[in-house]
There are 2 protein chains.
Amino acid sequence: MSLRYALLGFLITTPLSGYQLATRFKSGGGLFWEAVPSQIYRELAALEVLGWIAPAPEGLPARNQRVYEVTSAGAAAMDAWCAEAQDYPPERDPERVRLLNMDGAPPAQIRAHLEAHRDHYADRRRFWQARCDEVDAGHYARLNARLQRYPAERHAFIIGQVRRLFAGNVRRCETEIAWAEEFIAWLDGDTSHGPAP
Amino acid sequence: MSLRYALLGFLITTPLSGYQLATRFKSGGGLFWEAVPSQIYRELAALEVLGWIAPAPEGLPARNQRVYEVTSAGAAAMDAWCAEAQDYPPERDPERVRLLNMDGAPPAQIRAHLEAHRDHYADRRRFWQARCDEVDAGHYARLNARLQRYPAERHAFIIGQVRRLFAGNVRRCETEIAWAEEFIAWLDGDTSHGPAP
DNA sequence: CTGCCCATGTAAATCGTTACATGATTAC
DNA sequence: GTAATCATGTAACGATTTACATGGGCAG
């Protein structure tokens, strides 16, 4: 159900085609949500039936694109969804399940998984830091497009808000990196294997 | 697919019934994975067809329970899965999607969501800290049952390993709490609204 | 004119959620 | 005997993944 609103959030900012949305939701590059084209096209069709989006009339669509914009009903639904209380998704962490059941495995195998963990979150940290840098430089296209919907005196507040969302993800990544590095150091430490922090 | 191995991980430690597994996977109490009974019973049936689990012969099942234990094929499959490289699940964070699209909303609404975030992770922090405390006190039943599968000289290592997994989740929660609190402080701060960290 | 990227989908399978059905046992 | 809990499921639906189908436009 969140895909629906993640899509609306992009379309409210700027009318886009399914293909353009797919590039923004692709694996490793999504803004808090990721999805594949087949899922996006299906959801767009559902949103059009709901009357929450409609083909954008302005300008002839380049190539054979179908560009959508959000209707007033869609914008209202978006606002209502955002206001709802969050119900937190169930805990599902396949990597922790692996590590929990890896107690019989050789330390080298545990170490390899922790190194992959560290490297993965180092990549993700770079991604989110790049988003922060773009915000700081005023080069973040989606944010700039979005700011145009609001009066200038609110811009600093909105920029600060978005900046904190991105910085929060940088921080998550740093927590994971530090955890993995300390775990690896413990594995590499002397055989006394002192108590965990 | 991870549910399958999360179940195997419990059954390897101790033979259990579907109902007993369901209590260990219930929302808010799962060990890195959560699932509802209907999903667990379906997966157990699939695992029995695969020959990875089998009804435990020992002792008459109390009431009308069906208690399963892991076969040698199941144990081998578990080890193979644990050794696999982790492929990280796609990023899907409905709460961040909400907050990202809440830029037009009144600060009170943003604040309410951040307070719920803080409170949620404070709850989760207590949960994981309780697991850490149980490990430290030697009262963690699943870990103690699991240790019996290994020679005594490896126990300290395994305890340290599990302790670090739990402590890592405590740390994640603390990161979320600190982030939310700083965000709230910024919202409550003077109207200058300085730069994000 | 061939290969590549743009662009929109369909189909099947798997995984997860919600609602419901059914009966046994235990506590009061 | 009645309610709560134990215990095992079925059915239907919803969300996600994977694989495939199809055609247009552009660069070499």
Side-chain angles (χ1 to χ4, degrees), chain A residues 1-8 10-11 15-30 32-50 53-56 59-68 81 87-94 97, chain B residues 1-8 10-11 15-30 32-50 52-56 59-68 81 86-94 97:
Chain A
M1 199 74 338
S2 301
L3 169 62
R4 167 165 302 181
Y5 298 98
L7 291 169
L8 280 177
F10 273 91
L11 293 178
L16 291 168
S17 69
Y19 185 84
Q20 290 172 312
L21 283 164
T23 64
R24 284 156 178 80
F25 281 79
K26 75 163 180 288
S27 180
F32 308 131
W33 202 268
E34 295 177 355
V36 291
S38 64
Q39 212 182 344
I40 291 168
Y41 287 115
R42 172 144 33 88
E43 192 61 42
L44 287 175
L47 283 167
E48 197 176 359
V49 169
L50 276 172
I53 63 174
L60 302 176
R63 312 187 74 149
N64 45 350
Q65 290 190 122
R66 293 169 56 78
V67 176
Y68 293 99
W81 180 76
D87 60 328
Y88 292 85
E91 185 138 359
R92 288 204 186 105
D93 191 334
V97 172
Chain B
M1 197 77 333
S2 301
L3 169 62
R4 168 164 301 180
Y5 297 98
L7 291 169
L8 280 177
F10 273 91
L11 293 178
L16 291 168
S17 69
Y19 185 85
Q20 291 172 313
L21 283 164
T23 64
R24 284 156 179 79
F25 281 78
K26 76 163 179 288
S27 179
F32 308 129
W33 203 268
E34 295 176 355
V36 291
S38 64
Q39 210 182 345
I40 290 168
Y41 286 115
R42 194 208 290 164
E43 192 60 42
L44 287 175
L47 282 166
E48 196 176 358
V49 169
L50 277 172
W52 291 5
I53 63 174
L60 301 178
R63 314 188 69 152
N64 45 348
Q65 290 189 124
R66 293 170 57 78
V67 175
Y68 292 100
W81 181 76
Q86 181 64 32
D87 60 329
Y88 292 84
E91 184 139 0
R92 287 201 188 108
D93 191 334
V97 172

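Here is the naming used below: chain letters follow the sequence lines, and residue numbers restart at 1 for every chain.
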Which of A:Tyr68, A:Phe25, A:Phe32 passes ring-ring contact (aromatic ring centres under 6.0 Å, His included) with A:Phe10? Answer is A:Phe25

Which comes earlier along DNA chain D counting from the 5' end, the contact point of B:Arg42 or that of B:Arg92, where each point is its nearest nucleotide? B:Arg42

Side chains of B:Leu44 and B:Arg66, heavy atoms from C-beta outward: is any pair under 4.5 Å? no

What's the CG-P distance between B:Leu3 and D:dT16, to the nearest Å? 17 Å

For the student: nearest non-hydrogen atoms of B:Ser27 and B:Glu34, plus distance: CA-OE1, 3.6 Å

Output the rounded distance in Å from CD (B:Glu43) to P (D:dT10). 14 Å

CE of B:Met1 to CH2 of B:Trp81, rounded to nearest 0.5 Å, is 10.0 Å

Heavy atoms from C-beta onward define the side chain here; which of C:dG16, D:dT17, C:dA24 lies closest to that of A:Val36? D:dT17

Please report the distance, rounded to the nearest Å, between CH2 in B:Trp33 and P in C:dC15. 10 Å

Protein-nucleotide distance (A:Gln39, atom CD; C:dT10, atom C1'), rounded to Å: 15 Å

Over how many whole Å does the gap from A:Glu48 atom CD to C:dT8 atom C1' extend? 13 Å

Output the rounded distance in Å from OH (A:Tyr19) to C1' (D:dG23). 14 Å

Would you state whether a donor and an acceptor, one from the side chain of B:Ser38 and one from the base of D:dT8, lie under 3.5 Å apart? no

Nearest-Å distance for atom pair CZ/P, residues A:Arg4 and D:dT16: 11 Å

Which nucleotide sits closest to the side chain of B:Met1: C:dC15, C:dA7, C:dG9? C:dC15

Judged by each residue's nearest nucleotide on DNA chain D, which is more toward the 5′ side, A:Glu34 or B:Tyr41? B:Tyr41

Measure from CG on B:Asn64 to C1' on D:dT5 and round the result to the nearest Å. 12 Å

